[in-house]
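This is a predicted model, so every value here is computed, not measured. Side chains included, hydrogens not; waters and symmetry mates left out as well; all remaining heavy atoms used.
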Amino acid sequence: MSSFPVVLACRDSAEAKILKAALGHVSLHIYHHGDAALERLSTMPNAIFVTGSLLADETAASLIAKSAVIGHVYSIVIARQAAETINLLRLYGSGCKAVLGPDELDLLRDFIGPEQNTLNELVMPPFFIDDDISPLKEPAKCIAKPIHITCLGQQALMSCCNAILNIAASEMISMACVAPGTPWAKSKIAYDLAEYTLWHHEFQATIASKTITFCQDFNALAALEPTSQHFVLCHGALSEQENAYIQRLPTHAAIFVACSDGYVSKHHHFDTALAPERLWSTIISALYA
């Protein structure tokens, strides 16, 4: 069991019993209503928040988005009810760290004990979810300069999903990220991409236009060699391998790091951090470079 404080929220006492057994810990405080769970989280820095897909009065998507505003909340969703209606793009984009499918409770303990630096470096920029596609129109293919976006860090899926939600699918853009951590989540995020967007998905380590490549692990991600303009979005704690990867990047790669106000650039000299929606517009503008 984790040494960090754990808040558990679920629909009713029957589900609470199942989740406590999966956690291997029976003395947790249980919350069945969103406001009570959020109030508890607000008093617990670096908390681990485990929630079912539904509460008595909330959905996981709403609850995760609200918990992200609180701050350092490491969130895990267990999709035991209405799993087919959950939109993983929204969940990961709102700050969820992991989503387990209806039959994946046995994997819960693998996610419940994050390292200290993972919690210390959680980043939840305000107003991160916009869902308004960037108004910039891409140029004609004959003059467009293709771009590739790589998402790194413990919260890489948050940046990746926000890009998906805020950048229209384009033949001139490709993206790559390490895949979600469980088989069900991997399958579901591919379904949600097809259901809610015009982006394609790929699980082989390859770069393709209009495609989100979900690599099996970091080594597969690092092996990709973009020939187009390269944007790297760093979000949350970086591993030693990821830091080494950044050091090896060509000087022309544009590196942005998530912070509490949005993103800061490692190379460009913006006066302030870029709000997420401005970042997406900056990325789209590179098509005209």
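The residue from H230, E225, M175 that alone fulfils the side chain to side chain contact (heavy atoms under 4.5 Å, CB included) condition with H148 is H230.
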Apply the test side-chain hydrogen bond (donor to acceptor under 3.5 Å, both in side chains) to residues E104 and T182: give CA-CA distance (whole Å), side-chain angles for both, the deciding distance (0.1 Å), then the verdict. CA-CA 8 Å; E104 294 182 333; T182 75; 2.8 Å; yes

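Between E58 and K66, at least one side-chain nitrogen of the basic residue sits less than 4.0 Å from a carboxylate oxygen of the acidic one, meeting the salt-bridge criterion.
Ring geometry for F256 versus F231: interplanar angle under 30°, hence parallel rather than tilted (30 to 60°).
Here SG of C10 is found 8.5 Å from CD of Q81. Values are rounded to the nearest 0.5 Å. The structure places CZ of F4 at 9.5 Å from OH of Y74, a figure rounded to the nearest 0.5 Å. If you take CD1 on I284 and CH2 on W280, they are separated by 10.0 Å, rounding to the nearest 0.5 Å.
Separation of the F203 and H201 ring centroids falls under the 6.0 Å cut-off.
Between K97 and F111 the shortest side-chain heavy-atom distance does not fall below 4.5 Å. A 4.5 Å side-chain heavy-atom check between I167 and W199 finds at least one atom pair inside the cut-off. Counting only heavy atoms from C-beta outward, the side chains of S62 and T59 approach each other to under 4.5 Å.
Heavy atoms from other residues, nucleotides or ligands lying under 6.0 Å from CD of Q116 number more than 12.
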